[in-house]
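Take a look at the structure set out below.
Positions are given from 1 along the sequence. This structure is a prediction, so every number in the text was calculated from the model and none was measured.
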Amino acid sequence: MAAIYSLYIINKPGGLIYYNQPNMKVHEFRLFLWKQNYDYGSAGRMDTKDTLRVASLWYSMHAISQQLSPVLGCFGIELLQPDTFDLNCFQSLTGIKFFVVSEPGTPHMEGLLKHIYELYTDYVLKNPFYEMEMPIRCDLFDINLTQAVQKDRVALLAR
């Protein structure tokens with residue numbers, strides 16, 4: 001079964017505004033950005049500092065790749081494929097970056113990222129209590145995101 005390890009959303013200035021590990025419960029990842037050195041008791045989990053480092057590193061690599069590309073109009077790295085995971089990135093026209101870390105060879109991640117962007121626009125940006133560039137705390141977004149990831153997993157198993 002194809003696994004999605006984590007999802008990051010980075011705002012235009014490079015701040016991590018959302019992080020989710022699909023196996024975590026909603027209340028756990030809501031606290032994730034706010035608690036320091038939170039121990040999940042699982043070997044594959046990162047603490048808050050590590051998560052912020054990964055998001056910052058990806059933001060920097062993405063920006064540098066845009067500037068160094070010999071191709072005009074390059075939008076940066078969209079897919080990174082080391083041996084142990086795939087990192088897929090989608091950048092919106094407003095500069096928000098969505099990236100998913102998944103099991104190697106997981107298909108259709110572009111479609112999933114675009115769907116996550118649609119959920120972001122529907123449930124986060126249209127939320128009257130959400131302030132731009134701030135961490136995302138929206139229950140409807142969390143619920144629909146979980147459903148989208150589960151639906152994607154079921155679709156992959158059916159193939």
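- Taking all atoms of both residues into account, the shortest heavy-atom contact from S6 to Q21 is CB-CG, 4.0 Å.
- Of all heavy-atom pairs spanning E133 and P13, the tightest one is OE1-CD, 3.1 Å.
- Looking only at distances, no side-chain donor or acceptor of Y117 sits under 3.5 Å from a matching main-chain atom of Q91.
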Just do the side chain to side chain contact (heavy atoms under 4.5 Å, CB included) check on C89 and I77 with the steps written out, would you?
CA-CA 7 Å; C89 181; I77 301 171; over 6 Å; no
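- Here R53 contributes atom CZ and S56 contributes atom OG; the two are 10.0 Å apart, rounded to the nearest 0.5 Å.
- Atoms CD and CG, on Q150 and L145 in that order, are 10.0 Å from each other to the nearest 0.5 Å.
- By the side chain to side chain contact (heavy atoms under 4.5 Å, CB included) test, S69 pairs with V71, C74, sequence neighbours left out.
- Partners of Y123 by ring pair (Phe, Tyr, Trp, His ring centres under 6.0 Å), not counting sequence neighbours: none found.
- Contact between F99 and A55 at its shortest, heavy atoms only, is CZ-CA, 4.2 Å.
- Contacts classified as side chain to side chain donor-acceptor pair (under 3.5 Å) and involving residues 92-101 (residues at least two apart or in different chains) are given here: S92-T94.
- We find the OG1-CD distance between T84 and E103 to be 11.0 Å, quoted to the nearest 0.5 Å.
- Residues forming a side chain to side chain contact (heavy atoms under 4.5 Å, CB included) with P82 (at least two apart in sequence, or on another chain): L80, F85.
- The distance from the OG1 atom of T51 to the OH atom of Y19 is 4.5 Å, given to the nearest 0.5 Å.
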Take Y18 and D142 through the test side chain to side chain donor-acceptor pair (under 3.5 Å) and record every step on the way to the result.
CA-CA 10 Å; Y18 188 81; D142 295 335; 2.9 Å; yes
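- Note on L119 and L140: same hydrophobic cluster, where clusters join Ile, Leu, Val, Met, Phe, Trp and Tyr whose side-chain heavy atoms are under 4.5 Å apart, directly or indirectly.
- Using a 4.5 Å cut-off between side-chain heavy atoms of Ile, Leu, Val, Met, Phe, Trp and Tyr, with links allowed through other members, F75 and M61 fall into different hydrophobic clusters.
- With sequence neighbours excluded, the residues satisfying side chain to side chain contact (heavy atoms under 4.5 Å, CB included) with E131 are M134.
- Atom CD1 in I96 sits 7.5 Å away from atom CG in L125 (nearest 0.5 Å).
- Residue L68 belongs to a hydrophobic cluster whose other members are I64, with links defined by side-chain heavy atoms closer than 4.5 Å.
- The distance between the ring centers of W58 and Y8 does not fall below 6.0 angstrom.
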Show your working on side chain to side chain contact (heavy atoms under 4.5 Å, CB included) between I4 and L112 and close with a plain yes or no.
CA-CA 11 Å; I4 295 173; L112 178 63; 3.3 Å; yes
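- Interatomic distance, H115 NE2 to H108 NE2, rounded to the nearest 0.5 Å: 15.0 Å.
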Quick one, I136 with Y120, criterion side chain to side chain contact (heavy atoms under 4.5 Å, CB included). Give me CA distance, side-chain angles, the key distance, then yes/no.
CA-CA 9 Å; I136 298 170; Y120 170 77; 3.7 Å; yes
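- Other residues, nucleotides and ligands contribute more than 12 heavy atoms inside 6.0 Å of the CD atom of Q66.
- Contact record, F141 with I9: CZ-CD1, 3.9 Å, taken as the closest heavy-atom pair.
- Under the 4.5 Å side-chain heavy-atom criterion for Ile, Leu, Val, Met, Phe, Trp and Tyr, L79 and I10 are members of distinct hydrophobic clusters.
- In terms of heavy-atom proximity, T106 sits nearest to D86 at N-OD2, 3.9 Å.
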